[in-house]
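What follows is one structure encoded as structure tokens, with my remarks underneath.
Just the heavy atoms: all of them, side chains too, but no hydrogens, waters or symmetry mates, feed the values below. Each chain gets a letter, A, B and so on, in the order its sequence line appears, and its residues count up from 1.
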Amino acid sequence: MTQKDPKLLIQPGPQLRQQMTTPVVMRDVWYALTPATLAGIWFFGLGAFLVLLACIAGAVLVEWYFAPEEKRGYFLGDGTAILTGWLLGLTLPPALPLWMAFLGGVVAVGIGKTIWGGMGANIFNPALVGRAFLLATFPIAMTTWTAPGDFFTIPSSLFALPLMTGVVDTVTQASPLGMMKFEHVDTPFIDLLFGNTSGSLGETSGLLLILGGLYLWWRRDLDWRIPVGILGTAIIFSLILFMVDADKYPGPIFTVFSGGMLLGAIFMATDPVTSPLTQKGTWIFAIGIGLLVVLIRVFGGFPEGMMYAILLMNAATPLIDMYTQPRVFGRELDQK
Amino acid sequence: MAKEQLAYDEFMKGLWRENPVFVQVLGLCPLLAVTNSAINGLAMGLASFFVLLGSSILVSLFKSYIPKQVRISCFIIIIATFVTVVDYTLAAALPVIHKELGAFIPLIVANCLILGRMEAFASRNTLRMSVADAFGMGAGFLFALVSLGAVREILGVGELFGIALFGANFEPWVIMILPPGGFITLGVMLLYFNWLEEKKNKIDKQLATEDGVN
Amino acid sequence: MGDLGWIFISTLLINNFVLAYFLGLCPFLGVSNKLEVSFRLGLATIFVMVVTALCAWFLNTYVLIHAPYLRLISFIVVIASVVQLIEMAIKKTSPALFRALGIFLPLITTNCAILGLAIFATNKGYGLWEGLVYALGAGMGFTLAIVLMAGMRQEVEKVNAMPKLIRGFAFNLIISGILSMAFMGFAGLFSSS
Amino acid sequence: MSEDKVEQAAVADEPSPARLIGTLAIAGLVSGVIIIAIYLATFETIKENKARELREAVFRVLPNVSKMQKLLLKEGKLEVSYKEEKGEEPIYAGYDDNNTFMGYAIPSDGPGFADTISVLYGYRPSDRKVIGMWILASRETPGLGDKIYKDAAFVANFDDLAIEPPIVATKRGKSKPNEIDAITGATISSVAVARIINKGNDYWVSRLPEPGAEPAYVEVETPPEAEDAQAQ
Amino acid sequence: MNLFRRLSNSFDHGVFPHHHKEQTEQLAIQRLPFGKRFVIPLGQHVGAPAKPIVQAGDAVKRGQMIAEPGGFVSVALHSPVTGRVTGVDPERYADGTFQEAIVIEADQYDAQQMEVHPIDWESLSIEAFISEVQKAGIVGLGGAAFPCHVKYAIPDGNKIRHLLINGAECEPYLTNDHRQMVEQTEALLYGAEIVRQKLGAEEIVIGVEKNKPDAIKALQDAIKPGQPVRVMPLEVKYPQGAEKMLIKSVFGVEVPAGKLPRDVEVAVNNVGTIIAIAEYFQTGKPLIERVVTVSGPGVSYPANLIVPLGTSIREVLDYAGGLTDETRQVVLGGPMMGDSIADLDAPMLKGSAGVLALTENETGRPPEYNCIRCGRCVEACPYFLNPARFARLAKARMFEEMAETYKVMDCVECGCCTYSCPSGIPIVQHIRTAKDHLRSMKGKVQ
């Protein structure tokens, strides 16, 4: 053969790689979130869309500002900042002043991610860090829920000046969880399923969230153990309570479809960075969240406990990982 | 003259260069617990300042009479005495502040800053230097308490020393007066001090190399 | 929820000594880089706290009733002596632990969490059993917080990705802030039902 | 320097145990003297501060009251008490200028959103109503839970409130005599206050004397001592 | 879960790469014509290098021994051709390094025929059998090139009950074992019988992945009634062909860490190895050639070839039509555990099961992202290790913790973790770094 040798590449094995890459995973999550997001915008109007944009803007700005100069394109390229802002936005009330939403995005990425050293290094779910910060900072604005309304009406509270209170001029309405907790009033299942209730802008529609989850599961981007573990535990725990006193405690169906349960179980708790690596650990993590959610919702001071449950289990994740190392092949056979 | 310079140096050291909070990170529990307003920070700072100064004077005066083996116990007794004095005085003179600070006044005893200064400085230096040191460290601690309290009060309530700053429509950042806000605010302030330090080091290095070139 | 149960839950989770009262921050921020050491320090703290609660109750009931002005000084002296004894015991029984705790053993003596426990228990007017449960809750709360913290810090040190600027206390304080925020979820637990 | 010499000297000759004990004893003695001095110097003022604070609280929850006295439950009977005593928690009786009995001020506490809430409330036995409420101590969330004493509208809920059936906090506007309006965003704290008052009523209402048989106001030379009415 | 795995004849975890075998699985084995120059490296097997017993200028016959074993864990080398030794010099190796090798110039006019000397294996004692296998230069042909006779030296107290023949061939692209099972079924069964009798095993199990139905059928048809042989179809999964995984799949038993298959009464041999043994005892031909799959999208005419050992990789590729312009990388062995080739003139070795030419499509790498702890590697690792943790710890240079807490030394570098990583982290590389470091530290301590 006279032909010159092609320039051969030397690289370590294995030579084959599966086709899934991290940006593709992130992109998949975007697609999975889209239906529930559109539903939220449909129910709560364009204002909800603005809140979402403000969150994403805050998140992306911080990510961009603190990324090392040469890595800027790459840092944004993986799409996690947008996802963080997006997820945060979905957990916010639709009439939240935009400056607060923006601040939430800044805190989510700044304190939730950047200071830890960027993607993959953080222990707590960044979006939830942002939300926990907002809830502790602006407790009233963060629990003022507007009823689903006209698509083109934008609540004027959105445009409150920075540092100032927003005045909500649309119809406010207690969220299903609040009604249950403080007044023991149930919300019809159909409304919970399609999302025609007040609440955070992205968590009202149970059906679309489940669809998104199924898509992620089908794409193998999602550890099915986490949602199954969380929802299963919550159902069992709430069923027990429901059987003890059906008037006082919410039933399992309400527990699953109300509030941030589905959004949290499908999109937040499953954040791979902040959930355990090992299968056994994943189960512990999921069951822990399920128990804590029902505990906080039923016995605690807040109507919604999903965020705190996930953050608490995030904190425990390193320990869970440490103590659930899988048995190495061929070791400790007698204990099997 | 030289002595003046030295004492001044000790003072500045405590206030800024080796600030007990921002640089040495000591005495955090009273610091974080009471700084939900600038006025509380001020009161706590003054109380600690007084205890530090008084104990420093006593320890430095009697240092040669206290055997090494029992010095820690003696220091603690001295500090506890001053703390009790502050506690009762505040309760009598400023009951409202005393109620706000609550159990954290007695806890000044457990402030590692004070015991640390006794052990590291007052028991080894002259009265004059010890007083300068106590003034510096006390002022540094006070400075930290008031600035932390001010930041938390401004954002948390929209006031400074009880004076409203932003008008009626201000949306308070409640977290700032809650425990997490304390942690995070101090963390961010430490970050700022680290950043200043790094910047200064960079400039120093630059100067050094320039000198070398010249 | 009985009163004792609520006292326990309250000090363990809702009013966690470290995360809500800022007590015991020195060891919490200083020792929490190794899980093993943190855990043992936590156990030691639980033990010291229970002993402290006993001492405080004894002093309050039999001694200080006649001389309230000696409260602070007698707490300090008694607790310091008790801790001293425990130190000696640890030194004898577990030299490894003694080495691991290093400079923090003397600091346990002046650990604000321990003095704080005695003072809070007195201010709340707790009796013997309430005081003991309070001490147990506070000690376990401290252990819980420091163990979680140590787990996270070990993990973070492995990643080694943090900007240099933020390493050390600034970072630990911010983690503590987030942890404290997460613990806020327990607020109001068992008080409304 | 001279300090170094001192230290060297101290290291050189090991002090005797007697000297160690002596040093500590002297330190203890000096500190004892200082503490007792400051205690004696401030004792009266502190006591007055506390008494004044208590008096203000009692007068706040019992309208039109100008005099008060401390009552203790002894063997099932309420008796006037002047001294500081351990054990049973006291309640306070309020009287107007004509020494007419106006109501009881009852302290009660219980878990709130953050920590224990201590409440003092006024109770008028003649028509079985709560007639005033004041928070003695709480660590509720600033700006939210602390409205239980900062929000005048909430406090006013308790100015005329039936205690039977037990007090209920509602979010939809009160419509019954035993209902109070919960604070928006601080429902738990509001519910907690109602519960704490119910708890106080559960204990005290059955133990109080029949209306009309309240202890009469006793004029004393020295004002009644009311020291440990509250835990700081 | 375990029951389910038992039913599907497989091990836990592992990955499912596309097998890409369609290019060559239907192509009959062809013989590669003899080239001119043959390079026989002395150390092409695990263990001590062989010692040359020829010099420059010596005439050698095809099948003649040219190097004797350099110890017990070592095998003999034989000349693949009749010709003349031109030297014993350092020669370029496939990875670019230089190694001592015997270079032989083929005699152009020789017919390269070999005399047939069947060996009476039945009368051999076990020791004599072992030494015959060593003399034949037979090593494991699956890729690891572990001297075969060492496996047969069973210490007292151990007993072999099962002879397990590895026909899994889980590496993508490779079909050499597959074709051999189809075309040389008789030889395989004959060789297996020899080994079974010599080791005193009770039965022979041939594990074959289910994507080779023709091989399974050929074997089942060839088994005579009463022969203690069974064929076991296995799930198509990588690394099904790893020794310990195969044992787990077939017998449901885990070989304890640090132990060998013989500790669970199993001996494992590759299909090619068994056929080589059969040929040696039938005809006296030592291991001088092997079947190689030449495949990959960068090859014009993929093929399964009998390649005399020592032939250069270039000759093999040229026979298969040469490399296409899109070729970016040539791999010796399978794509999962094989290595990139730096020099196409390097020789084919005993352990070279395949020559693959890969294009941008297979070798392109996305940029490396941070680990997002997705856990795909943990779910892939057949050894139940924690590769994500390895990568993290290795970056922080915490090697001791990797060994003590996480058992990095148990890793066989099968590559499942790197394969499955969506962030493109070269986990296996990190593990190798750590292992090298740990080995050198251990050396220092001793």
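Across all non-hydrogen atoms, the minimal contact from E/Cys374 to A/Pro272 is CA-CB, 3.5 Å. Looking at every heavy atom in both residues, E/Tyr419 comes nearest to A/Leu16 through CD1-O, 3.2 Å.
Without hydrogens or angle criteria, A/Gln18 side chain to E/Ser420 main chain gives a donor-acceptor distance under 3.5 Å. For the pair A/Arg327 (side chain) and E/Phe384 (backbone), a donor-acceptor distance under 3.5 Å is absent.
Between E/Cys381 and A/Phe329, the closest side-chain pair of non-hydrogen atoms is not below 4.5 Å. In this structure, E/Thr405 and A/Gln325 have side chains that are not in contact, with every pair of non-hydrogen atoms separated by 4.5 Å or more. The closest side-chain heavy-atom distance from A/Pro14 to E/Val428 is below 4.5 Å.
Annotation for A/Trp217: atom CH2 does not count as buried by contact number, only 12 or fewer foreign heavy atoms lying within 6.0 Å.
Residue with the most contacts toward chain A among E/Lys244, E/Glu413, E/Met337, E/His18: E/Lys244 (heavy-atom pairs, distance under 4.5 Å). Looking only at heavy-atom pairs under 4.5 Å with chain A, the residue among E/Lys259, E/Glu315, E/Met245, E/Arg389 that has the most is E/Met245. Counting heavy-atom pairs under 4.5 Å between each of A/Thr278, A/Thr274, A/Asp271, A/Leu277 and chain E puts A/Leu277 at the top.
When heavy atoms are compared at a cutoff of 4.5 Å, E/Cys417 does not approach chain A at all. Heavy atoms of A/Ser275 lying under 4.5 Å from chain E belong exclusively to its backbone. The parts of E/Glu362 that come within reach of chain A are both its backbone and its side chain, each placing non-hydrogen atoms under 4.5 angstrom from that chain. With a 4.5 Å cut-off on non-hydrogen atoms, E/Val330 touches chain A through its backbone and its side chain both. In this structure, chain A has a heavy atom under 4.5 Å from the side chain of E/Pro172, while its backbone stays farther away. For chain A, the nearby parts of E/Ile372 are the backbone and the side chain; heavy atoms of each come within less than 4.5 Å.
Between the CG atom in E/Asn386 and the CG atom in A/Asp321 there is a gap of 7.0 Å [rounded to 0.5 Å]. Taking CD of A/Gln279 as the start and CG of E/Asp12 as the end, the distance is 9.0 Å to the nearest 0.5 Å. Separation of atoms CG (A/Asn122) and CG (E/Asn370) is listed at 10.0 Å; rounding is to 0.5 Å.
Using a 4.0 Å cut-off between a side-chain N of Lys or Arg and a carboxylate O of Asp or Glu, E/Arg376 and A/Asp221 qualify as a salt bridge.
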| Where do E/Ser340 and A/Gln15 land on the side chain to side chain contact (heavy atoms under 4.5 Å, CB included) test, with the steps shown first? | CA-CA 8 Å; E/Ser340 302; A/Gln15 310 304 342; 3.7 Å; yes
